[in-house]
Peer 1: 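Take a look at this one; I'll ask things after.
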There are 2 protein chains.
Amino acid sequence: MSEIQSTEDAILTAARKVFSAHGLQGARMQDIADEAGINKALLHYYFRSKEKLFEIIFQEAFSKFAGSAAEMMTSEAPLFEKIDAFIDKYIDILLNNLFLPGFVIAEINNKPERMIDLISSKGLRFDVFERQVAEEVARGNIRAIEGKHLFVSIIALCVFPFAGRPILKSIIFGNESIAYDAFLQERKQEVKRFVIAALRPDNQINEI
Amino acid sequence: MSEIQSTEDAILTAARKVFSAHGLQGARMQDIADEAGINKALLHYYFRSKEKLFEIIFQEAFSKFAGSAAEMMTSEAPLFEKIDAFIDKYIDILLNNLFLPGFVIAEINNKPERMIDLISSKGLRFDVFERQVAEEVARGNIRAIEGKHLFVSIIALCVFPFAGRPILKSIIFGNESIAYDAFLQERKQEVKRFVIAALRPDNQINEI
DNA sequence: GTCTATATTGTGATAGAC
DNA sequence: GTCTATCACAATATAGAC
(Lines give C-alpha, C1' and ligand atoms only; values in the text may rest on other atoms or scores of the structure.)
Protein backbone atom coordinates (compact mmCIF):
# COMPACT_ATOMS: atom_id res chain seq x y z
CA MET A 1 0.00 0.00 0.00
CA SER A 2 2.89 2.43 -0.56
CA GLU A 3 1.84 5.84 -1.82
CA ILE A 4 4.58 5.99 -4.41
CA GLN A 5 4.10 3.55 -7.24
CA SER A 6 6.90 2.44 -9.50
CA THR A 7 6.38 3.09 -13.19
CA GLU A 8 6.01 -0.60 -13.79
CA ASP A 9 3.28 -0.87 -11.19
CA ALA A 10 1.56 2.19 -12.54
CA ILE A 11 1.49 0.55 -15.96
CA LEU A 12 0.13 -2.70 -14.57
CA THR A 13 -2.57 -0.88 -12.66
CA ALA A 14 -3.55 1.09 -15.72
CA ALA A 15 -3.45 -2.00 -17.92
CA ARG A 16 -5.70 -3.89 -15.51
CA LYS A 17 -8.24 -1.11 -15.70
CA VAL A 18 -8.19 -0.57 -19.46
CA PHE A 19 -7.98 -4.23 -20.50
CA SER A 20 -10.73 -5.34 -18.16
CA ALA A 21 -12.99 -2.53 -19.35
CA HIS A 22 -12.41 -2.89 -23.09
CA GLY A 23 -10.83 -6.27 -23.69
CA LEU A 24 -7.68 -7.11 -25.61
CA GLN A 25 -8.91 -5.79 -28.94
CA GLY A 26 -10.77 -2.82 -27.55
CA ALA A 27 -7.95 -1.56 -25.37
CA ARG A 28 -5.66 1.13 -26.77
CA MET A 29 -2.05 1.44 -25.72
CA GLN A 30 -2.57 5.18 -25.70
CA ASP A 31 -5.34 4.81 -23.13
CA ILE A 32 -3.15 2.68 -20.91
CA ALA A 33 -0.34 5.22 -21.19
CA ASP A 34 -2.68 8.08 -20.35
CA GLU A 35 -4.16 6.19 -17.44
CA ALA A 36 -0.65 5.50 -16.12
CA GLY A 37 0.43 9.11 -16.67
CA ILE A 38 3.22 8.26 -19.08
CA ASN A 39 3.59 7.87 -22.86
CA LYS A 40 3.28 4.94 -25.20
CA ALA A 41 6.99 4.44 -25.73
CA LEU A 42 7.47 3.57 -22.08
CA LEU A 43 4.91 0.83 -22.31
CA HIS A 44 7.03 -0.88 -24.91
CA TYR A 45 10.15 -0.26 -22.90
CA TYR A 46 8.75 -2.13 -19.88
CA PHE A 47 6.68 -4.74 -21.68
CA ARG A 48 7.65 -5.62 -25.21
CA SER A 49 4.25 -5.57 -26.81
CA LYS A 50 0.55 -5.16 -26.19
CA GLU A 51 0.22 -8.94 -26.32
CA LYS A 52 2.84 -9.51 -23.64
CA LEU A 53 1.26 -6.94 -21.37
CA PHE A 54 -2.13 -8.45 -21.92
CA GLU A 55 -0.94 -11.95 -21.11
CA ILE A 56 0.27 -10.80 -17.72
CA ILE A 57 -3.01 -9.07 -16.92
CA PHE A 58 -5.12 -11.95 -18.15
CA GLN A 59 -3.23 -14.65 -16.29
CA GLU A 60 -3.42 -12.63 -13.12
CA ALA A 61 -7.15 -12.06 -13.63
CA PHE A 62 -7.79 -15.69 -14.35
CA SER A 63 -6.06 -16.83 -11.17
CA LYS A 64 -8.27 -14.52 -9.18
CA PHE A 65 -11.28 -15.70 -11.13
CA ALA A 66 -10.66 -19.43 -10.94
CA GLY A 67 -8.26 -19.93 -8.06
CA SER A 68 -10.74 -20.61 -5.31
CA ALA A 69 -12.84 -22.76 -7.62
CA ALA A 70 -9.79 -24.90 -8.28
CA GLU A 71 -9.33 -25.23 -4.55
CA MET A 72 -12.92 -26.33 -4.04
CA MET A 73 -12.35 -28.86 -6.78
CA THR A 74 -9.15 -30.42 -5.53
CA SER A 75 -9.02 -29.95 -1.74
CA GLU A 76 -9.62 -32.98 0.46
CA ALA A 77 -11.50 -30.96 3.08
CA PRO A 78 -15.08 -32.08 3.85
CA LEU A 79 -17.53 -31.23 1.07
CA PHE A 80 -19.82 -28.90 2.97
CA GLU A 81 -16.92 -26.98 4.48
CA LYS A 82 -15.39 -26.55 1.05
CA ILE A 83 -18.59 -25.31 -0.53
CA ASP A 84 -19.33 -22.91 2.29
CA ALA A 85 -15.82 -21.52 2.28
CA PHE A 86 -15.83 -21.20 -1.48
CA ILE A 87 -19.03 -19.18 -1.65
CA ASP A 88 -17.76 -16.81 1.04
CA LYS A 89 -14.36 -16.27 -0.41
CA TYR A 90 -15.39 -16.21 -4.03
CA ILE A 91 -18.18 -13.68 -3.77
CA ASP A 92 -15.88 -11.47 -1.71
CA ILE A 93 -13.36 -11.57 -4.52
CA LEU A 94 -16.01 -10.73 -7.09
CA LEU A 95 -17.37 -7.88 -4.97
CA ASN A 96 -13.88 -6.43 -4.96
CA ASN A 97 -13.39 -7.06 -8.68
CA LEU A 98 -16.66 -6.32 -10.37
CA PHE A 99 -15.25 -6.48 -13.89
CA LEU A 100 -13.42 -9.76 -13.44
CA PRO A 101 -16.13 -12.18 -14.65
CA GLY A 102 -17.08 -10.17 -17.70
CA PHE A 103 -13.47 -9.71 -18.66
CA VAL A 104 -12.47 -13.36 -18.31
CA ILE A 105 -15.59 -14.69 -20.02
CA ALA A 106 -15.22 -12.25 -22.89
CA GLU A 107 -11.59 -13.10 -23.58
CA ILE A 108 -12.08 -16.83 -23.18
CA ASN A 109 -14.89 -16.76 -25.69
CA ASN A 110 -13.06 -14.58 -28.20
CA LYS A 111 -9.87 -16.62 -28.31
CA PRO A 112 -10.56 -19.95 -26.58
CA GLU A 113 -7.46 -21.94 -27.62
CA ARG A 114 -5.13 -19.05 -27.00
CA MET A 115 -6.55 -18.20 -23.58
CA ILE A 116 -6.65 -21.80 -22.47
CA ASP A 117 -2.97 -22.06 -23.35
CA LEU A 118 -2.34 -19.14 -21.01
CA ILE A 119 -4.04 -21.05 -18.22
CA SER A 120 -1.89 -23.70 -16.65
CA SER A 121 -4.79 -25.90 -15.65
CA LYS A 122 -2.71 -28.99 -16.29
CA GLY A 123 -2.77 -31.49 -13.48
CA LEU A 124 -6.04 -30.25 -12.03
CA ARG A 125 -8.08 -33.33 -11.29
CA PHE A 126 -11.82 -33.28 -10.89
CA ASP A 127 -12.27 -36.71 -9.34
CA VAL A 128 -11.88 -35.56 -5.74
CA PHE A 129 -14.96 -33.37 -5.84
CA GLU A 130 -16.91 -35.97 -7.75
CA ARG A 131 -16.00 -38.71 -5.27
CA GLN A 132 -16.96 -36.58 -2.29
CA VAL A 133 -20.36 -35.79 -3.76
CA ALA A 134 -20.98 -39.45 -4.56
CA GLU A 135 -20.11 -40.37 -0.98
CA GLU A 136 -22.51 -37.85 0.52
CA VAL A 137 -25.24 -39.07 -1.80
CA ALA A 138 -24.57 -42.68 -0.82
CA ARG A 139 -24.78 -41.75 2.85
CA GLY A 140 -28.12 -40.07 2.25
CA ASN A 141 -26.77 -36.72 3.40
CA ILE A 142 -27.75 -35.03 0.16
CA ARG A 143 -30.17 -35.89 -2.61
CA ALA A 144 -28.92 -37.65 -5.74
CA ILE A 145 -26.86 -35.28 -7.87
CA GLU A 146 -23.78 -35.52 -10.06
CA GLY A 147 -20.60 -33.82 -8.95
CA LYS A 148 -19.99 -32.11 -12.26
CA HIS A 149 -23.42 -30.53 -12.32
CA LEU A 150 -23.26 -29.43 -8.71
CA PHE A 151 -19.86 -27.88 -9.24
CA VAL A 152 -20.96 -25.91 -12.28
CA SER A 153 -24.20 -24.86 -10.61
CA ILE A 154 -22.48 -23.46 -7.54
CA ILE A 155 -20.11 -21.40 -9.64
CA ALA A 156 -22.95 -20.30 -11.89
CA LEU A 157 -24.95 -18.96 -8.94
CA CYS A 158 -21.94 -16.97 -7.75
CA VAL A 159 -20.58 -15.67 -11.04
CA PHE A 160 -23.55 -14.88 -13.23
CA PRO A 161 -24.92 -11.91 -11.29
CA PHE A 162 -21.51 -10.28 -11.81
CA ALA A 163 -20.92 -11.40 -15.39
CA GLY A 164 -24.34 -10.15 -16.42
CA ARG A 165 -24.34 -7.14 -14.16
CA PRO A 166 -24.95 -4.39 -16.73
CA ILE A 167 -27.96 -6.17 -18.24
CA LEU A 168 -29.45 -7.43 -14.99
CA LYS A 169 -29.01 -4.06 -13.35
CA SER A 170 -30.87 -2.39 -16.16
CA ILE A 171 -33.62 -4.99 -16.53
CA ILE A 172 -34.40 -5.82 -12.93
CA PHE A 173 -33.77 -2.54 -11.20
CA GLY A 174 -34.28 -0.08 -14.03
CA ASN A 175 -31.42 2.05 -15.26
CA GLU A 176 -31.62 4.73 -12.58
CA SER A 177 -31.18 2.50 -9.60
CA ILE A 178 -28.01 1.71 -7.70
CA ALA A 179 -29.80 -1.02 -5.76
CA TYR A 180 -27.94 -3.66 -7.70
CA ASP A 181 -24.90 -3.28 -5.49
CA ALA A 182 -26.99 -4.16 -2.47
CA PHE A 183 -28.38 -7.10 -4.38
CA LEU A 184 -24.86 -8.38 -5.03
CA GLN A 185 -24.02 -8.02 -1.35
CA GLU A 186 -26.96 -10.26 -0.48
CA ARG A 187 -25.77 -12.89 -2.91
CA LYS A 188 -23.44 -14.63 -0.49
CA GLN A 189 -26.23 -15.53 1.91
CA GLU A 190 -28.63 -16.22 -0.91
CA VAL A 191 -26.41 -18.68 -2.77
CA LYS A 192 -25.65 -20.57 0.43
CA ARG A 193 -29.32 -20.93 1.26
CA PHE A 194 -30.15 -21.90 -2.28
CA VAL A 195 -27.50 -24.59 -2.56
CA ILE A 196 -28.19 -26.06 0.85
CA ALA A 197 -31.90 -26.15 0.10
CA ALA A 198 -31.28 -27.76 -3.26
CA LEU A 199 -29.20 -30.50 -1.65
CA ARG A 200 -31.64 -31.55 1.08
CA PRO A 201 -32.44 -35.24 0.62
CA ASP A 202 -35.65 -36.05 -1.21
CA ASN A 203 -36.73 -38.57 1.35
CA GLN A 204 -36.94 -36.17 4.27
CA ILE A 205 -40.71 -36.20 3.95
CA ASN A 206 -40.98 -39.94 3.59
CA GLU A 207 -38.82 -40.72 6.58
CA ILE A 208 -41.62 -40.03 9.00
CA MET B 1 -34.59 -22.83 -45.71
CA SER B 2 -34.14 -21.86 -49.38
CA GLU B 3 -30.94 -23.09 -50.95
CA ILE B 4 -30.21 -19.80 -52.68
CA GLN B 5 -29.37 -17.02 -50.30
CA SER B 6 -29.60 -13.38 -51.25
CA THR B 7 -26.41 -11.39 -50.90
CA GLU B 8 -27.88 -9.51 -47.99
CA ASP B 9 -28.69 -12.75 -46.19
CA ALA B 10 -25.25 -14.13 -46.96
CA ILE B 11 -23.72 -11.06 -45.35
CA LEU B 12 -25.92 -11.34 -42.29
CA THR B 13 -25.10 -15.01 -41.88
CA ALA B 14 -21.40 -14.31 -42.21
CA ALA B 15 -21.61 -11.34 -39.85
CA ARG B 16 -23.38 -13.44 -37.25
CA LYS B 17 -20.59 -15.96 -37.36
CA VAL B 18 -17.65 -13.55 -37.34
CA PHE B 19 -19.05 -11.08 -34.80
CA SER B 20 -20.13 -13.77 -32.37
CA ALA B 21 -16.74 -15.44 -32.60
CA HIS B 22 -14.54 -12.34 -32.32
CA GLY B 23 -16.71 -9.55 -30.99
CA LEU B 24 -17.19 -6.06 -32.38
CA GLN B 25 -13.55 -5.02 -32.05
CA GLY B 26 -12.06 -8.36 -33.01
CA ALA B 27 -14.14 -8.87 -36.13
CA ARG B 28 -12.65 -7.78 -39.47
CA MET B 29 -14.80 -6.62 -42.35
CA GLN B 30 -12.49 -8.62 -44.61
CA ASP B 31 -13.32 -11.79 -42.71
CA ILE B 32 -17.03 -11.15 -43.01
CA ALA B 33 -16.63 -10.51 -46.72
CA ASP B 34 -14.60 -13.70 -47.20
CA GLU B 35 -17.09 -15.71 -45.19
CA ALA B 36 -19.92 -14.35 -47.31
CA GLY B 37 -18.01 -14.96 -50.54
CA ILE B 38 -18.00 -11.32 -51.61
CA ASN B 39 -15.69 -8.32 -51.17
CA LYS B 40 -15.53 -5.57 -48.60
CA ALA B 41 -17.06 -2.89 -50.78
CA LEU B 42 -20.33 -4.78 -50.95
CA LEU B 43 -20.59 -4.83 -47.19
CA HIS B 44 -20.65 -1.08 -47.18
CA TYR B 45 -23.07 -1.01 -50.05
CA TYR B 46 -25.63 -3.06 -48.11
CA PHE B 47 -24.92 -1.80 -44.62
CA ARG B 48 -23.35 1.61 -44.27
CA SER B 49 -20.70 0.78 -41.72
CA LYS B 50 -19.29 -1.90 -39.49
CA GLU B 51 -21.15 -0.32 -36.59
CA LYS B 52 -24.51 -0.48 -38.35
CA LEU B 53 -23.98 -4.09 -39.30
CA PHE B 54 -22.96 -4.93 -35.78
CA GLU B 55 -26.00 -3.27 -34.28
CA ILE B 56 -28.28 -5.47 -36.34
CA ILE B 57 -26.45 -8.63 -35.33
CA PHE B 58 -26.27 -7.68 -31.69
CA GLN B 59 -29.91 -6.72 -31.35
CA GLU B 60 -30.93 -9.95 -32.99
CA ALA B 61 -28.63 -11.93 -30.71
CA PHE B 62 -29.87 -10.16 -27.63
CA SER B 63 -33.51 -10.90 -28.43
CA LYS B 64 -32.66 -14.56 -28.71
CA PHE B 65 -30.64 -14.36 -25.54
CA ALA B 66 -33.12 -12.48 -23.39
CA GLY B 67 -36.47 -12.92 -25.07
CA SER B 68 -37.71 -15.93 -23.15
CA ALA B 69 -36.35 -14.51 -19.90
CA ALA B 70 -38.41 -11.41 -20.49
CA GLU B 71 -41.44 -13.59 -21.01
CA MET B 72 -40.83 -15.47 -17.77
CA MET B 73 -40.57 -12.11 -16.09
CA THR B 74 -43.71 -10.48 -17.41
CA SER B 75 -46.18 -13.25 -18.27
CA GLU B 76 -49.17 -13.79 -15.98
CA ALA B 77 -49.06 -17.58 -16.37
CA PRO B 78 -48.68 -19.61 -13.15
CA LEU B 79 -45.17 -19.42 -11.68
CA PHE B 80 -44.22 -23.08 -11.91
CA GLU B 81 -45.47 -23.38 -15.47
CA LYS B 82 -43.49 -20.32 -16.49
CA ILE B 83 -40.28 -21.56 -14.89
CA ASP B 84 -40.60 -25.01 -16.38
CA ALA B 85 -41.36 -23.66 -19.84
CA PHE B 86 -38.52 -21.18 -19.61
CA ILE B 87 -35.87 -23.76 -18.75
CA ASP B 88 -37.00 -25.99 -21.61
CA LYS B 89 -37.17 -23.31 -24.21
CA TYR B 90 -34.14 -21.39 -23.09
CA ILE B 91 -31.68 -24.26 -22.95
CA ASP B 92 -32.91 -25.40 -26.34
CA ILE B 93 -32.08 -21.99 -27.73
CA LEU B 94 -28.63 -22.05 -26.15
CA LEU B 95 -27.95 -25.56 -27.43
CA ASN B 96 -28.66 -24.25 -30.92
CA ASN B 97 -26.61 -21.10 -30.38
CA LEU B 98 -23.58 -22.09 -28.38
CA PHE B 99 -21.79 -18.76 -28.85
CA LEU B 100 -24.74 -16.59 -27.91
CA PRO B 101 -24.07 -16.19 -24.17
CA GLY B 102 -20.37 -15.49 -24.54
CA PHE B 103 -21.01 -12.99 -27.29
CA VAL B 104 -23.73 -11.05 -25.50
CA ILE B 105 -21.91 -11.01 -22.17
CA ALA B 106 -18.68 -9.90 -23.79
CA GLU B 107 -20.25 -7.00 -25.67
CA ILE B 108 -22.41 -5.89 -22.77
CA ASN B 109 -19.37 -5.74 -20.54
CA ASN B 110 -17.19 -3.94 -23.06
CA LYS B 111 -19.63 -1.17 -23.86
CA PRO B 112 -22.42 -1.27 -21.24
CA GLU B 113 -24.12 2.07 -21.91
CA ARG B 114 -24.00 1.67 -25.66
CA MET B 115 -25.30 -1.90 -25.65
CA ILE B 116 -28.05 -1.11 -23.20
CA ASP B 117 -29.18 1.68 -25.51
CA LEU B 118 -29.47 -0.92 -28.27
CA ILE B 119 -31.78 -2.96 -26.08
CA SER B 120 -35.29 -1.66 -25.94
CA SER B 121 -35.96 -3.01 -22.47
CA LYS B 122 -38.15 -0.02 -21.68
CA GLY B 123 -41.50 -0.89 -20.23
CA LEU B 124 -40.42 -4.29 -18.95
CA ARG B 125 -41.77 -4.59 -15.46
CA PHE B 126 -40.39 -6.97 -12.89
CA ASP B 127 -43.20 -6.76 -10.36
CA VAL B 128 -45.26 -9.57 -11.88
CA PHE B 129 -42.62 -12.20 -11.19
CA GLU B 130 -41.89 -10.78 -7.77
CA ARG B 131 -45.56 -10.79 -6.81
CA GLN B 132 -46.04 -14.37 -7.97
CA VAL B 133 -43.09 -15.58 -5.92
CA ALA B 134 -44.29 -13.72 -2.84
CA GLU B 135 -47.71 -15.34 -3.23
CA GLU B 136 -46.32 -18.85 -3.47
CA VAL B 137 -44.18 -18.20 -0.42
CA ALA B 138 -47.18 -16.90 1.52
CA ARG B 139 -49.16 -20.00 0.59
CA GLY B 140 -46.35 -22.20 1.83
CA ASN B 141 -45.87 -23.76 -1.59
CA ILE B 142 -42.21 -22.80 -1.72
CA ARG B 143 -39.67 -21.83 0.91
CA ALA B 144 -39.00 -18.16 1.64
CA ILE B 145 -37.08 -16.57 -1.22
CA GLU B 146 -36.99 -13.23 -2.98
CA GLY B 147 -38.23 -13.01 -6.53
CA LYS B 148 -35.19 -11.10 -7.77
CA HIS B 149 -32.77 -13.68 -6.46
CA LEU B 150 -34.78 -16.60 -7.75
CA PHE B 151 -35.02 -15.03 -11.18
CA VAL B 152 -31.31 -14.39 -11.43
CA SER B 153 -30.48 -17.83 -10.07
CA ILE B 154 -32.60 -19.65 -12.62
CA ILE B 155 -31.02 -17.79 -15.48
CA ALA B 156 -27.56 -18.29 -13.99
CA LEU B 157 -28.02 -22.06 -13.87
CA CYS B 158 -29.07 -22.11 -17.50
CA VAL B 159 -26.62 -19.64 -19.00
CA PHE B 160 -23.34 -20.10 -17.20
CA PRO B 161 -22.45 -23.55 -18.55
CA PHE B 162 -22.66 -22.02 -22.02
CA ALA B 163 -21.01 -18.70 -21.25
CA GLY B 164 -18.09 -20.43 -19.57
CA ARG B 165 -18.02 -23.35 -21.95
CA PRO B 166 -14.40 -23.15 -23.13
CA ILE B 167 -13.01 -22.99 -19.58
CA LEU B 168 -15.37 -25.50 -18.04
CA LYS B 169 -14.83 -27.90 -20.90
CA SER B 170 -11.10 -27.73 -20.41
CA ILE B 171 -11.10 -27.84 -16.61
CA ILE B 172 -13.77 -30.42 -15.91
CA PHE B 173 -13.41 -32.76 -18.86
CA GLY B 174 -9.82 -32.19 -19.89
CA ASN B 175 -9.02 -30.65 -23.23
CA GLU B 176 -9.33 -33.83 -25.25
CA SER B 177 -12.88 -34.64 -24.36
CA ILE B 178 -16.02 -33.86 -26.31
CA ALA B 179 -18.13 -34.99 -23.38
CA TYR B 180 -19.06 -31.44 -22.59
CA ASP B 181 -21.74 -31.44 -25.26
CA ALA B 182 -23.46 -34.35 -23.54
CA PHE B 183 -23.12 -32.47 -20.27
CA LEU B 184 -24.92 -29.48 -21.77
CA GLN B 185 -27.68 -31.73 -23.05
CA GLU B 186 -28.27 -32.98 -19.50
CA ARG B 187 -28.55 -29.46 -18.20
CA LYS B 188 -32.23 -29.04 -18.93
CA GLN B 189 -33.22 -31.89 -16.61
CA GLU B 190 -30.56 -30.95 -14.11
CA VAL B 191 -31.59 -27.32 -13.74
CA LYS B 192 -35.23 -28.26 -13.34
CA ARG B 193 -34.43 -30.75 -10.59
CA PHE B 194 -32.10 -28.30 -8.91
CA VAL B 195 -34.55 -25.41 -8.87
CA ILE B 196 -37.48 -27.53 -7.75
CA ALA B 197 -35.39 -29.04 -4.98
CA ALA B 198 -34.18 -25.62 -3.89
CA LEU B 199 -37.76 -24.37 -3.65
CA ARG B 200 -39.17 -27.19 -1.49
CA PRO B 201 -40.59 -25.66 1.69
CA ASP B 202 -38.30 -25.78 4.76
CA ASN B 203 -41.05 -27.04 6.98
CA GLN B 204 -41.64 -30.27 5.13
CA ILE B 205 -39.78 -32.13 7.83
CA ASN B 206 -41.48 -30.39 10.70
CA GLU B 207 -44.98 -30.89 9.41
CA ILE B 208 -45.06 -34.48 10.57
C1' DG C 1 -25.15 -4.96 -57.76
C1' DT C 2 -20.55 -6.14 -57.92
C1' DC C 3 -15.95 -5.43 -58.59
C1' DT C 4 -10.84 -3.19 -58.31
C1' DA C 5 -8.35 0.31 -56.82
C1' DT C 6 -7.47 4.02 -53.52
C1' DA C 7 -8.11 7.29 -49.82
C1' DT C 8 -7.86 7.88 -44.88
C1' DT C 9 -7.41 7.15 -40.47
C1' DG C 10 -6.13 4.15 -36.37
C1' DT C 11 -2.69 2.36 -33.68
C1' DG C 12 1.19 -0.77 -32.40
C1' DA C 13 5.85 -0.28 -32.44
C1' DT C 14 10.66 1.78 -33.02
C1' DA C 15 14.55 5.44 -33.40
C1' DG C 16 17.07 8.47 -31.22
C1' DA C 17 17.73 12.71 -28.23
C1' DC C 18 18.09 13.84 -23.39
C1' DG D 1 14.27 5.74 -17.75
C1' DT D 2 11.65 8.97 -20.10
C1' DC D 3 10.46 11.73 -23.78
C1' DT D 4 9.13 13.43 -28.93
C1' DA D 5 8.81 12.24 -33.50
C1' DT D 6 8.01 8.96 -36.87
C1' DC D 7 7.44 4.55 -39.20
C1' DA D 8 4.73 0.83 -40.90
C1' DC D 9 0.88 -1.34 -41.43
C1' DA D 10 -3.79 -2.77 -40.78
C1' DA D 11 -8.52 -1.88 -41.38
C1' DT D 12 -12.70 1.05 -42.33
C1' DA D 13 -14.55 3.37 -45.85
C1' DT D 14 -15.18 5.53 -50.53
C1' DA D 15 -14.59 6.42 -55.79
C1' DG D 16 -15.51 4.96 -59.95
C1' DA D 17 -15.48 1.43 -63.76
C1' DC D 18 -18.33 -2.35 -65.42
Side-chain angles (χ1 to χ4, degrees), chain A residues 2-61 103 106-107 109-111 114-115 117-118, chain B residues 2-61 103 106-107 110-111 113-115 117-118:
Chain A
S2 73
E3 295 288 330
I4 305 276
Q5 222 182 6
S6 73
T7 301
E8 189 168 335
D9 284 342
I11 292 174
L12 288 172
T13 303
R16 243 169 246 130
K17 181 170 175 181
V18 176
F19 276 131
S20 64
H22 301 109
L24 168 56
Q25 307 276 359
R28 300 290 103 117
M29 291 298 262
Q30 184 64 60
D31 295 339
I32 298 177
D34 292 348
E35 184 72 32
I38 56 164
N39 58 55
K40 282 188 296 180
L42 260 196
L43 293 181
H44 290 91
Y45 175 81
Y46 279 93
F47 307 88
R48 248 194 86 72
S49 66
K50 185 185 181 182
E51 286 278 316
K52 293 275 182 198
L53 181 53
F54 174 81
E55 286 183 11
I56 294 171
I57 301 301
F58 180 78
Q59 278 176 331
E60 170 188 290
F103 174 54
E107 299 305 323
N109 276 281
N110 280 354
K111 281 243 184 307
R114 177 127 171 42
M115 296 304 149
D117 284 347
L118 290 181
Chain B
S2 72
E3 295 288 331
I4 305 278
Q5 222 182 7
S6 73
T7 301
E8 188 170 334
D9 284 342
I11 293 174
L12 288 173
T13 303
R16 244 170 245 129
K17 180 171 176 180
V18 176
F19 276 131
S20 64
H22 306 299
L24 168 57
Q25 306 278 357
R28 299 289 100 115
M29 292 297 262
Q30 184 64 61
D31 296 339
I32 298 176
D34 291 349
E35 183 73 31
I38 54 162
N39 59 55
K40 285 186 293 180
L42 260 196
L43 294 181
H44 289 91
Y45 174 80
Y46 278 93
F47 306 89
R48 249 196 85 74
S49 66
K50 186 185 182 183
E51 286 278 317
K52 293 277 182 196
L53 180 52
F54 174 81
E55 286 184 11
I56 293 171
I57 302 301
F58 179 79
Q59 278 176 330
E60 170 188 290
F103 173 54
E107 298 306 323
N110 281 354
K111 281 242 182 310
E113 335 72 25
R114 177 124 170 44
M115 296 305 149
D117 282 349
L118 290 182

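Note that the structure is predicted; figures quoted are calculated from it, not measured. Lettering follows sequence order; numbering is per chain, from 1.
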Peer 1: Could you check how far CD1 of B:Ile32 sits from C1' of D:dA11, rounded to whole Å?
Peer 2: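 In whole Å, D:dA11 C1' and B:Ile32 CD1 are 12 Å from each other.
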Peer 1: Taking all atoms of both residues into account, what is the closest heavy-atom pair of A:Gln59 and A:Leu118, and its distance?
Peer 2: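 For A:Gln59 versus A:Leu118, the nearest heavy atoms are NE2-O, 3.0 Å.
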Peer 1: Using whole Å, report how far NZ of A:Lys50 lies from C1' of D:dC9.
Peer 2: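 Answer to the nearest Å: 14 Å.
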Peer 1: OP1 or OP2 of C:dG12 less than 4.0 angstrom from a side-chain nitrogen or oxygen of A:Arg48, does that happen here?
Peer 2: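 Answer no for this pair, as no side-chain N or O of A:Arg48 is under 4.0 Å from OP1 or OP2.
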Peer 1: Can A:Arg114 and A:Glu55 be counted as an ion pair, charged N to O under 4.0 angstrom?
Peer 2: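 Yes, this pair counts.
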Peer 1: Distance check needed: D:dT12 C1' versus A:Gln25 CD, whole Å only.
Peer 2: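 Result: 15 Å.
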Peer 1: How close or far is atom P of C:dA13 from atom CG of A:Leu43, stated in whole angstroms?
Peer 2: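 Distance, rounded to whole Å: 10 Å.
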Peer 1: Give the rounded distance in Å between these two atoms: NZ of B:Lys52 and P of D:dT12.
Peer 2: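 Taking NZ of B:Lys52 and P of D:dT12, I get 17 Å after rounding.
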Peer 1: I want to check something: taking the side chain as every heavy atom from C-beta on, are B:Glu60 and B:Arg16 in contact at a cut-off of under 4.5 Å?
Peer 2: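 Sidechains of B:Arg16 and B:Glu60: in contact.
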Peer 1: Can you tabulate the close N/O pairs, meaning under 3.5 Å, that link protein atoms to atoms of nucleotides 1-4 of chain D?
Peer 2:
{"residue": "D:dT2", "atom": "OP1", "partner": "A:Thr7", "partner atom": "OG1", "Å": "2.9"}
{"residue": "D:dT2", "atom": "OP2", "partner": "A:Thr7", "partner atom": "OG1", "Å": "3.3"}
{"residue": "D:dT2", "atom": "OP2", "partner": "A:Tyr46", "partner atom": "OH", "Å": "2.5"}
{"residue": "D:dC3", "atom": "OP2", "partner": "A:Asn39", "partner atom": "ND2", "Å": "3.1"}
{"residue": "D:dC3", "atom": "O5'", "partner": "A:Asn39", "partner atom": "ND2", "Å": "2.8"}

Peer 1: Is it true that a side-chain atom of B:Arg48 and a backbone atom of B:Tyr45 form a donor plus acceptor pair closer than 3.5 Å?
Peer 2: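 Not a single qualifying donor-acceptor pair exists.
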Peer 1: Please tell me if A:His44 has a side-chain N or O lying less than 4.0 Å from either OP1 or OP2 of C:dA13.
Peer 2: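 For C:dA13, OP1/OP2 do have a side-chain N/O of A:His44 under 4.0 Å.
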Peer 1: Across the strands shown, which category fits B:Ala27 at heavy-atom distances under 4.0 angstrom: base, sugar-phosphate, nothing?
Peer 2: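 Touches sugar-phosphate only.
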Peer 1: Answer yes or no: is there a donor N or O on one side and an acceptor on the other, between the side chain of A:Glu107 and the main chain of A:Leu24, under 3.5 Å?
Peer 2: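 Side chain of A:Glu107 to backbone of A:Leu24, a donor-acceptor pair under 3.5 Å: yes, one is there.
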Peer 1: To the nearest angstrom, how far is B:His22 atom NE2 from D:dA11 atom C1'?
Peer 2: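 Atom-to-atom, B:His22 to D:dA11, this comes out as 15 Å.
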Peer 1: What integer distance in Å separates A:Gln30:CD from C:dT14:P?
Peer 2: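 The answer, rounded to whole Å, is 16 Å.
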Peer 1: Do the two ring centres, one from B:Phe19 and one from B:Phe58, sit under 6.0 Å apart?
Peer 2: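 No, they do not, as the ring centres are separated by 6.0 Å or more.
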Peer 1: Dot-bracket for DNA chain D, please. Rules: Watson-Crick or G-U, both distances under 3.5 Å, ( ) within the strand, [ ] when a pair crosses earlier ones, | for another strand, . otherwise.
Peer 2: ||||||||.|||||||||
